[in-house]
Amino acid sequence: MSEAVRSWLLSMVATALIVSVLEMLTPDGLPKRVGHLLGGLLLLLVLVRPVSSLGLENLGEYFANSALSDAQWDQSLEETDQVLLESLITDSCQAYIEAQAAQLGASCQVTVTCRWEEDIPIPDSVTVIGELTEEQQQSLRQEIAADFDIPAERQTFQSQEVS
């Protein structure tokens, strides 16, 4: 059952990430308010989906027969937290860098990798794939170095058309 919990948590985080990205892209005013409402409803649906499938009459029996010890449960949650935290950080960094590139007039795909320091994922390297001019690359390199403290040596730019 721990796999089901992990899947549910991942779906919650993925939904939250998608909703937050869509809210950032939504223009102010009525569209943003409607987006908030729909995003909240979507999160609520994802939240209650597993509870509705359990059936309340079997809930006590499920917890009584749970095979996970407290230590296993804690370890599973800690691993899930680490995966989700790293995913949240890499996704946020990637979206930010892609937005910065778009402001420079470039279209690209970004991949960020992290290193772990004291149980915290820190952005460590960046790969940018797209057709950027030398000036766009240089500007983006400077922004990545300033915003994420990733030196140019750990920034890779690959020329490829992005669809």
Side-chain angles (χ1 to χ4, degrees), residues 2-53 76-163:
S2 67
E3 194 60 37
V5 172
R6 180 178 295 209
S7 173
W8 175 71
L9 285 173
L10 286 173
S11 67
M12 281 293 298
V13 170
T15 303
L17 283 172
I18 290 169
V19 167
S20 65
V21 168
L22 290 175
E23 284 184 4
M24 287 181 357
L25 298 174
T26 305
D28 289 334
L30 181 61
K32 188 167 278 293
R33 289 196 310 258
V34 170
H36 282 300
L37 175 65
L38 293 177
L41 289 174
L42 182 61
L43 283 170
L44 182 62
L45 286 174
V46 171
L47 177 69
V48 298
R49 182 178 44 104
V51 174
S52 65
S53 67
S76 175
L77 285 177
E78 186 175 324
E79 290 170 0
T80 302
D81 285 348
Q82 288 177 340
V83 167
L84 295 176
L85 180 60
E86 184 173 10
S87 176
L88 178 66
I89 289 174
T90 56
D91 290 349
S92 298
C93 292
Q94 288 167 188
Y96 178 81
I97 294 169
E98 287 172 0
Q100 294 300 100
Q103 287 182 352
L104 295 171
S107 176
C108 63
Q109 292 177 337
V110 177
T111 304
V112 174
T113 56
C114 292
R115 69 178 185 281
W116 285 83
E117 289 183 8
E118 299 177 15
D119 293 333
I120 299 173
I122 308 294
D124 186 57
S125 64
V126 176
T127 301
V128 179
I129 300 173
E131 293 187 16
L132 285 80
T133 66
E134 272 304 313
E135 293 147 355
Q136 290 170 330
Q137 284 185 20
Q138 189 59 30
S139 293
L140 201 54
R141 276 187 202 281
Q142 291 171 352
E143 289 184 35
I144 292 169
D147 295 342
F148 298 102
D149 197 27
I150 299 175
E153 304 86 57
R154 293 197 312 261
Q155 299 178 30
T156 306
F157 286 80
Q158 299 174 358
S159 256
Q160 185 176 7
E161 187 174 322
V162 178
S163 53

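By convention here, the first residue in the shown sequence is residue 1.
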Could you tell me whether Gln142 atom CD has more than 12 heavy atoms of other residues or ligands within 6.0 Å of it? yes
Less than 4.5 Å apart, side chain to side chain, heavy atoms only: is that true for Cys114 and Asp124? no
Over all heavy atoms of both residues, which pair between Asp28 and Pro31 is shortest? Give the atoms and the distance, please. O-CD, 3.9 Å
Set out, in order, the CA-CA distance, both residues' side-chain angles and the distance that settles side-chain contact (heavy atoms from CB on, under 4.5 Å) for Leu140 and Phe157, then state yes or no. CA-CA 10 Å; Leu140 201 54; Phe157 286 80; 3.9 Å; yes
Given 3.5 Å as the limit, does a donor-acceptor pair link the side chain of Lys32 with the main chain of Thr26, or not? yes
Does any part of the side chain of Ser125, heavy atoms only, come nearer than 4.5 Å to the side chain of Thr156, both counted from C-beta? no
Sorted by chain and number, sequence neighbours left out, side chain to side chain contact (heavy atoms under 4.5 Å, CB included) with Ile122 holds for Arg115, Glu117, Ile120
Is Arg33 close to Leu37 at the side-chain level, that is, under 4.5 Å between some pair of heavy atoms? no
Val126: partners by side chain to side chain contact (heavy atoms under 4.5 Å, CB included), with sequence neighbours left out: Ile97, Val110, Val112, Val128, Ile144, Ile150
So, Ser139 side chain and Gln136 main chain: donor-acceptor pair closer than 3.5 Å or not? no
Shortest non-hydrogen separation from Arg154 to Asp149 and the atoms involved: NH2-O, 4.1 Å
According to salt bridge (charged side-chain N to carboxylate O under 4.0 Å, His left out), does anything in residues 79-96 pair up with another residue at least two apart or in another chain? List the pairs. Arg6-Glu79
Can you confirm whether Thr90 sits close enough to Thr113 that some side-chain heavy atom of one is under 4.5 Å from a side-chain heavy atom of the other? no
What one should report as the nearest heavy-atom pair of Val19 and Gly39 is CG1-CA, 3.8 Å
Apply side-chain contact (heavy atoms from CB on, under 4.5 Å) to Cys108 and Leu132, showing your working. CA-CA 8 Å; Cys108 63; Leu132 285 80; 4.1 Å; yes
For Ile129 and Gln160, the nearest pair of non-hydrogen atoms, with its separation, is CG2-OE1, 3.2 Å
